Amino acid sequence: MIRQLLLLLRRDLALLLPGGRRGGTMLPLLFFLAVAMLFPFAVGPDAPLLARTGGGVIWVAALLAAILPLDRLIEPDIELGLFDQLALRGLSEEAIVAVRMLAHWLSFGPPLMLAALPAAALLGLDGERLRLVELGLLAGTPGLAALGVIVAALTAGLRGGMALAGLLVIPLAVPLLIFGAGSLATGGGSGIALTGAVSLVLVALTPFAAGAAVRSARG
Amino acid sequence: MQACRLAARDLACRRGDRLLFAGLALALEPGAALHVQGPNGVGKSSLLRILAGLLPPFAGAVEREGAVALLDERPALDPTLPLGRALHFWERLDGRAADLAALGLAELIDVPVRYLSTGQKKRAALARLLGQDAPVWLLDEPLNGLDTFAVALVERLVAEHCAAGGICVVASHQPFALAHARALDLTGDLAGAAA
């Protein structure tokens, strides 16, 4: 069972990591960097303003970047019949989507935290703000990844599912955004702790919510 | 081969508003083969998915003993991978490899799965099925897209599987040459047809 799940994790990572086989895996990163690059152009070279708002911009860019990979997370494997074949081998949908969530976070969270370094430079964030952004992303990206897996599973197989997925993720991710970006304003760890708490709830919920969604999509 | 048994009683399947079949019973012991027949849309695939445990029946119950392998129209092989590596994932998961040369796949292992023809994909899915080494086979239209040579091959594989004590349920609207196979026609009188 554990050996099979590790094999599955290896396969999922080969598909989803930046440069992975499923294609479009660099898009969230490029989108994230593009927003950080465009924002100074749009508001002008006002360094104090950029430094004050830059952290929030990074958070909004991260949230929107989380929407991009959703259509490649669950639906292609339902169409392949992968979930059916794994179910016949005794792997529960809950375990499969938990592995998928881990692979999705690994291919999304750490790369985004790396990309936040050049983004912070473009926006002129100081060291303290950068530290809060990185800590916030570390606490918040697991929640974004979990939310992505839930919504991708719920909308798999629906017509226009991708657009619906985007609309569903945004309101559900608002708590992460408020606490994550809020930690920059208060400058304290409480916002980051709350971001982590929201993430933990979402991560704990995902195997059951997404697993049930995959089962019902089977039809 | 591990012990196997497949039995169902009083099965009914509803898709949307339509009751596809009801009161269906069957009992298959080791070595038994069943050919599920009927025109398109009569519920052959649904019956197989219910027997596999992938679809909850509208009524009735299924008893399964032994691992179940399902072959349907989806090969469950990553389309971007070369065939050899796509099959390798299942080989490692199941801990057993099928003989690709016997299935005529040996020269295709470097070809990405998405470039394979319908029949070649079906043969690749057969390789995955053989590697699973499950005593209960559920084959949904296994002959679709296959040439005459491959059709004979599948019929031989099923005969060997049953001779070795396995159970095989074939859903196909095409004729399927198989000695001792019982037939279950979903269009006809359903109750107890194969009991």
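None of the values given here were measured: they were computed from a predicted structure. Labels below follow one simple rule: chain letters A, B, ... track the order of the sequence lines, proteins then strands, and each chain is numbered from 1.
- In this structure, chain B has heavy atoms under 4.5 Å from both the backbone and the side chain of A:L8.
- Looking at A:R21, both its backbone and its side chain come within 4.5 Å of chain B, counting heavy atoms on both sides.
- Across every non-hydrogen atom of A:L82 and B:W90, the tightest pair is CD1-CZ2, 3.7 Å.
- A:R89 is listed as a side-chain neighbour of B:L93, based on a closest heavy-atom distance under 4.5 Å.
- A 6.0 Å sphere centred on CZ of A:R10 holds no more than 12 heavy atoms belonging to other residues, nucleotides or ligands.
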Margin query: Pair B:R92, A:R11 - check side-chain contact (heavy atoms from CB on, under 4.5 Å), show working.
Written below: CA-CA 11 Å; B:R92 295 197 48 194; A:R11 170 195 179 270; over 6 Å; no

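- For B:R85, the part lying near chain A is the side chain, with the backbone staying farther off; criterion is any non-hydrogen pair under 4.5 Å.
- Although no hydrogens or angles enter the test, the distance criterion places a donor-acceptor pair under 3.5 Å between the side chain of A:Q85 and the main chain of B:L70.
- Pairing each heavy atom of B:A69 with each of A:L88, the nearest pair is C-CD1, 4.4 Å.
- The environment of CZ in B:R9 is sparse: at most 12 heavy-atom neighbours from other residues, nucleotides or ligands sit within 6.0 Å.
- One N or O on the side chain of B:R74 and one on the backbone of A:I78 form a donor-acceptor pair closer than 3.5 Å.
- Ranking A:D84, A:D77, A:L15 against chain B, the residue ahead of the rest is A:D84, based on heavy-atom pairs under 4.5 Å.
- Heavy atoms from other residues, nucleotides or ligands lying under 6.0 Å from CZ of B:F58 number 12 at most.
- With a 4.5 Å cut-off on side-chain heavy atoms, B:P75 and A:L80 do not count as touching.
- Heavy atoms of other residues, nucleotides or ligands lying less than 6.0 angstrom from CZ of A:R159 number 12 at most.
- Chain A forms more heavy-atom pairs under 4.5 Å with one residue of B:S46, B:A52, B:A76 than with any other, namely B:A76.
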